[in-house]
Protein chains: 2
Amino acid sequence: MSRETRADARLRITNEIMEAARRQLGEVGAAGLSLREIAREIGMVSSAVYRYVDSRDDLLTRLIIDAYDALGDVAERAASAPADTDLGRWTATASAIRRWAIAHPHEYQLLYGSPVPGYAAPDDTVGPGIRVVVALARIVGEAARHERLAAPGEPLGDLTPQLADDLRALADAVPDPFPADATTVLAFVVGWSQLFGLLSFELTNQTRGYVGDDADLFDAAARRVGHQIGLR
Amino acid sequence: MSRETRADARLRITNEIMEAARRQLGEVGAAGLSLREIAREIGMVSSAVYRYVDSRDDLLTRLIIDAYDALGDVAERAASAPADTDLGRWTATASAIRRWAIAHPHEYQLLYGSPVPGYAAPDDTVGPGIRVVVALARIVGEAARHERLAAPGEPLGDLTPQLADDLRALADAVPDPFPADATTVLAFVVGWSQLFGLLSFELTNQTRGYVGDDADLFDAAARRVGHQIGLR
DNA sequence: CGAAAAACGAGAGCACTGCTCTTGATTTAC
DNA sequence: GTAAATCAAGAGCAGTGCTCTCGTTTTTCG
């Protein structure tokens, strides 16, 4: 009988806790997540769990990072998969995000729903948090660098100079900066927020029964906003 | 000393409870709302509150209806105010919605954030809930009926026939039906979900520091999606 | 008018939560 | 091989939603 070293036991038990936490998150959501129930599941007394987790908020933070990483993987993988067109790459990535959200609604709500009670996102979460928007931006940037980005359709000359500057600066702030005019970046922000807005509506049933097939609606919307960014 | 009739007292105390609940919602949010704390505030014992409120969920339902009504008022008032152009009416309504959301973030989260723990929206909430989207739709419908709606810019002939039918049917399902082709309705759904997506991002700080003035960004986005619906 | 019925406020109590502290056993480190 | 660190367990505190009972007060109705 080989004895288990204490460090190994710590890793194993921490994993058990996180697994139970993820299971519970998937079943009852973040608000219903109970440290005592987790302890019960893995056959420990509740106070012992605090040897591995600082607090409920600490556990939530880890779950958020996990979820951001999972969704980030999905988005990055979809965004770097072979695609015939830039627009096809965009819609495929959007669809992949949607599929993940529908498969993991509680995780999605944890990331994009109301902030949990008095929970303030620590800085650890912003890193993984921006992966998905960066993945989307990279699609646009790639197209822009290859001069495949259509010029913004209708020129709306009504951006304030300050806003236009800020928007242009955004295109330089991503990991792979690309040349873009303010309207294009605005279209991207519009498209990005639109994807998550529609997705949140679908998940919270705000669009109950609007159309027969929500996936078709989402795809059409994604294609539309992608097109308006200039992707072809 | 005129005595208070029991029915009057019931109304008064119910109002006190709702007032305290609204105050607490505004301060600590839906998740932190405590029936016992409300009881304490109005100088009652907690069990007595249950004479006036069935449960915590019941209280939340009333708060949701209240908030929907408040936001519905704001949206309807903005949408029916005098405006030079249809596009101006659209952006003014969007801005009014944003201002309300920023002034009442917890109420906004109650309506458009994650659904509260195991709380299933009863049918009472859908009536007031659709007022704001109906108000937005009315702007488009009004323009359409007066033939002031520009034809959808780039025709994307890629809607499935079923989706196109469903979208057209939507324009007939609102209180004041109007003639619209599928692409216009799609643009409306895109615009609508975009407004709330960007607003949610702003409120949950997902767009932290993207631009200097979030209001400018929101207005520009609203103008853009309104324009793409065909509003001028 | 007076008795029966309904409504009410208070209190105790149950099951649950997050979290802390102490206690005794076990494993590491020196 | 002893001292230090780590650990699981249990008790306990303050808080929650909610139920039930018990007197009291108000309303209803014969």
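Each chain gets a letter, A, B and so on, in the order its sequence line appears, and its residues count up from 1.
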| field | A:L60 CG to C:dG18 C1', straight-line distance once rounded to whole Å | value | 12 Å

| query | Across the strands shown, which category fits A:L33 at heavy-atom distances under 4.0 angstrom: base, sugar-phosphate, nothing? | reply | sugar-phosphate

| request: Could you check A:V126 against B:R208 for side chain to side chain contact (heavy atoms under 4.5 Å, CB included), going step by step and ending with a plain yes or no? | output: CA-CA 10 Å; A:V126 321; B:R208 73 182 83 203; 3.8 Å; yes

| query | Within this structure, what is the CG-to-C1' distance between A:L11 and C:dT27, rounded to whole angstrom? | reply | 16 Å

| query | Given atom CE of A:M44 and atom P of D:dC7, what is their separation to the nearest angstrom? | reply | 9 Å

| message | Going by the rule side-chain hydrogen bond (donor to acceptor under 3.5 Å, both in side chains), which residues pair with B:R131 if we only count those two or more places apart in sequence or in a different chain? | response | B:D69, B:D73, B:E76

| message | Which residues pass the side-chain hydrogen bond (donor to acceptor under 3.5 Å, both in side chains) test with A:D166, not counting sequence neighbours? | response | A:Q162

| task | Among residues two or more places apart or on two chains, list those pairs meeting side chain to side chain donor-acceptor pair (under 3.5 Å) that have a residue in residues 187-197 of chain A. | result | A:S193-B:Q194, A:Q194-B:S193

Please tabulate the protein-to-nucleotide N/O contacts below 3.5 Å involving nucleotides 23-30 of chain D, giving atom names and distances.
unit_1: D:dT25; atom_1: O2; unit_2: B:R6; atom_2: NH1; d: 3.3
unit_1: D:dT25; atom_1: O2; unit_2: B:R6; atom_2: NH2; d: 3.4
unit_1: D:dT27; atom_1: OP1; unit_2: B:T5; atom_2: OG1; d: 3.1
unit_1: D:dT27; atom_1: OP1; unit_2: B:R6; atom_2: N; d: 2.8

| field | Whether B:R89 side chain and B:I139 backbone form a donor-acceptor pair below 3.5 Å | value | no

| field | B:T207 (side chain) donor-acceptor with B:Y210 (main chain) under 3.5 angstrom | value | no

| note | With sequence neighbours left out, the residues meeting ring pair (Phe, Tyr, Trp, His ring centres under 6.0 Å) with A:Y112 are A:Y108, A:F196

| message | Quick check for you: among D:dA8, D:dC18, D:dA11, whose closest atom lies nearest to any side-chain atom of B:L35? | response | D:dC18

Produce the list of close N/O pairs, under 3.5 Å, pairing protein atoms with atoms of nucleotides 12-15 of chain D; give distances to one decimal.
unit_1: D:dG12; atom_1: O6; unit_2: A:R36; atom_2: NH2; d: 3.4

| remark: Whole-Å distance, B:D57 CG to D:dG17 C1', equals 11 Å

| Does the side chain of A:R51 get closer than 4.0 angstrom to OP1 or OP2 of D:dC7 through an N or O atom? | no

| In terms of the nearest nucleotide of DNA chain D, which residue is placed more toward the 5' end: A:R10 or B:S55? | A:R10

| field | Pairs touching residues 29-52 of chain B that satisfy salt bridge (charged side-chain N to carboxylate O under 4.0 Å, His left out), sequence neighbours left out | value | B:R23-B:E41, B:E37-B:R40

| Which residue pairs pass the salt bridge (charged side-chain N to carboxylate O under 4.0 Å, His left out) test when at least one of the two sits in residues 12-22 of chain B, sequence neighbours left out? | B:E4-B:R12, B:R12-B:E16, B:R22-B:D66

| message | Please report the distance, rounded to the nearest Å, between CD1 in B:I42 and C1' in C:dA10. | response | 14 Å

| note | Across all chains, not counting sequence neighbours, the salt bridge (charged side-chain N to carboxylate O under 4.0 Å, His left out) partners of A:D213 are none

| task | Would you mind classifying the nucleic acid contact of B:I13 as base, sugar-phosphate or nothing, using non-hydrogen atoms under 4.0 angstrom? | result | sugar-phosphate

| note | Rounded to whole Å, the CD-C1' distance (B:E37 to D:dG17) equals 14 Å

| field | Qualifying residues under side-chain hydrogen bond (donor to acceptor under 3.5 Å, both in side chains), relative to B:N205, sequence neighbours excluded | value | none

| Whole-Å distance between C:dG9 P and B:Y50 OH? | 15 Å

| field | Those residues that, when tested against B:S95, pass side-chain hydrogen bond (donor to acceptor under 3.5 Å, both in side chains) (two or more places apart) | value | B:D219

| request: Pull out every residue in residues 16-24 of chain A that has a heavy atom closer than 4.0 Å to any atom of DNA chain C, ordered by number, or say none. | output: none

| When the distance from CG of B:D8 to C1' of C:dC8 is rounded to whole Å, what number comes out? | 16 Å

| said: Any side-chain N or O of B:Y52 below 4.0 angstrom from OP1/OP2 of C:dG9? | reply: yes

